[in-house]
Amino acid sequence: MYVDIGAALGTVAEPGIDEAELEALDERVAEAHERIAAGRDDDEFGYAALNLPERTDADAIREAVEPVSDAEYVLTVGIGGSALGAKTITAALAEDPERHVVLDNVDPEHVERTLSDLPLSETAINVVSKSGTTAETLANFLVVRDVYEYRDVDWTERTVVTTGESGPLRELADEEDLPTLPVPDGVPGRFSALSSVGLVPPAILGVDVEELLAGGADAADGLGPSLFETPAYAYGAVAYALEERGAAVNAFMPYAERLEVFAEWFAQLWAESLGKDGRGQTPARALGATDQHSQLQLYRAGPRDKVVTVVRPRERADVPVPDAGHESLSYLAGTDLGELLDAEYDATVASLSAAERPAIEVEIDSLDARSLGELLYATEAACVLVGELAGVETFTQPAVEWGKRAARGLLSGEDTEETRTVAERPSYPISDGD
Ligand SMILES: O=P(O)(O)OC[C@H]1O[C@H](O)[C@H](O)[C@@H](O)[C@@H]1O
């Protein structure tokens with residue numbers, strides 16, 4: 001992975017970071033790196049995520065998916081960190097990403113439509129929940145099972161479960177003797193893409209999971225004590241420094257359709273890990289070049305509270321633009337779509353710099369398994385570094401857990417602190433008088 005922080009320097013951007021300040025920050029990066037390395041050595045909660053590339057057993061995943069390896073579709077039932085990793089990987093790498101269907105939300109119309117469109121006898125079910133208690137996942141799984149039974153398709157032969165050692169999902173899996181994979185110890189869901197949590201659908205859909213893990217291992221080997229020699233830390237350190245100087249928003253803008261879901265994954269990672277103690281950058285999702293024609297206006301001319309992260313592969317497919325023989329289109333003659341997209345990327349960074357707005361450039365060699373593994377890992381390492389520099393509890397998510405408890409309490413009718421708060425929530429209704 002390559003990171004270019006030139007467009008985030010104080011000489012060209014406001015907010016920006018001066019080179020002298022970077023030197024001082026590098027000392028803090030060295031300390032944070034030591035903390036991260038110690039956490040990895042002891043497999044401490046959270047830090048253990050950065051050991052996944054070496055720990056994940058690709059053979060065990062292949063063995064567990066063997067019974068469903070000829071499935072035409074994979075239906076993932078999971079939410080948040082239990083869905084986004086797999087969705088990101090298949091969107092980027094599967095030959096036909098449409099073959100991976102994700103039921104994360106419980107919008108009844110969406111669930112009904114999704115299931116009615118799927119050929120169930122050719123669809124493997126991948127149920128994932130670290131806690132095994134998440135209401136959306138359990139409810140969707142029960143609905144899915146019921147629909148399979150109604151259509152007379154044996155779901156027990158087509159299901160793989162990834163969950164912890166106990167909990168309702170584990171009980172459901174044991175009852176039916178379903179093949180199960182463990183969630184890795186000490187790894188929060190949003191950091192678990194490079195484990196069984198994220199790798200079951202890619203394995204079924206023919207993605208080279210060994211190469212993904214090898215890419216993660218490359219990035220792990222590259223972590224060193226200086227931001228000047230570690231692109232992942234350079235990204236994290238500069239994002240942190242810019243937040244300190246007012247960049248409350250991090251607009252994550254890949255210039256590759258196949259990385260659009262990566263921005264969704266990034267949003268969970270950044271928000272849930274770093275949104276604590278009154279701080280944390282708000283992740284915004286954008287796609288280049290599409291959002292150049294909408295959001296870029298705000299990024300260049302709105303409040304100076306943003307940094308834009310642009311991401312691109314260095315290699316692209318060749319799709320030449322045909323020469324139409326029109327004078328007015330001569331600038332397109334002899335080019336190809338990749339060249340155009342790269343020109344748009346360069347133009348966006350330059351356009352932000354011209355308005356003194358910060359950007360950070362991230363590049364990978366190409367959109368293959370190795371580079372994606374590297375990008376996933378490096379982004380996680382960057383996030384852990386920001387957490388260290390900001391002094392927040394990167395690996396917990398108490399605010400999200402509150403909502404989960406409240407929803408469960410409401411459904412069961414329990415009287416808890418959360419359900420009382422829901423009952424007393426502020427209300428000031430306005431209607432149109434009808
Ligand atoms: O994997 P599960 O236990 O079902 O949790 C799914 C998701 O639930 C919550 O929203 C957590 O905050 C997420 O981090 C987690 O990924």
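These figures come from a predicted structure and were not determined experimentally. In listed order, ligands and their atoms are each counted from 1.
- Around the CD atom of Q297, the shell of radius 6.0 Å holds no more than 12 heavy atoms that belong to other residues, nucleotides or ligands.
- For the salt bridge (charged side-chain N to carboxylate O under 4.0 Å, His left out) condition, the pairs that include at least one residue of residues 58-69, sequence neighbours left out, are R62-E210.
- Ring pair F45/F395 is perpendicular by interplanar angle, where above 60° counts as perpendicular and below 30° as parallel.
- Pairs of residues two or more places apart, or lying in two chains, never qualify as salt bridge (charged side-chain N to carboxylate O under 4.0 Å, His left out) while including a residue from residues 121-136.
- Contacts of ligand 1 (protein heavy-atom distance under 4.0 Å) are I79, G80, G81, S82, S129, K130, S131, T134, R190, Q268, E272, Q397, V400, K404.
- Under the ring-ring contact (aromatic ring centres under 6.0 Å, His included) criterion, no residue pair touches residues 69-120, with sequence neighbours excluded.
- Checked for salt-bridge contact, D346 and R312 meet the test: a charged N lies under 4.0 Å from a carboxylate O.
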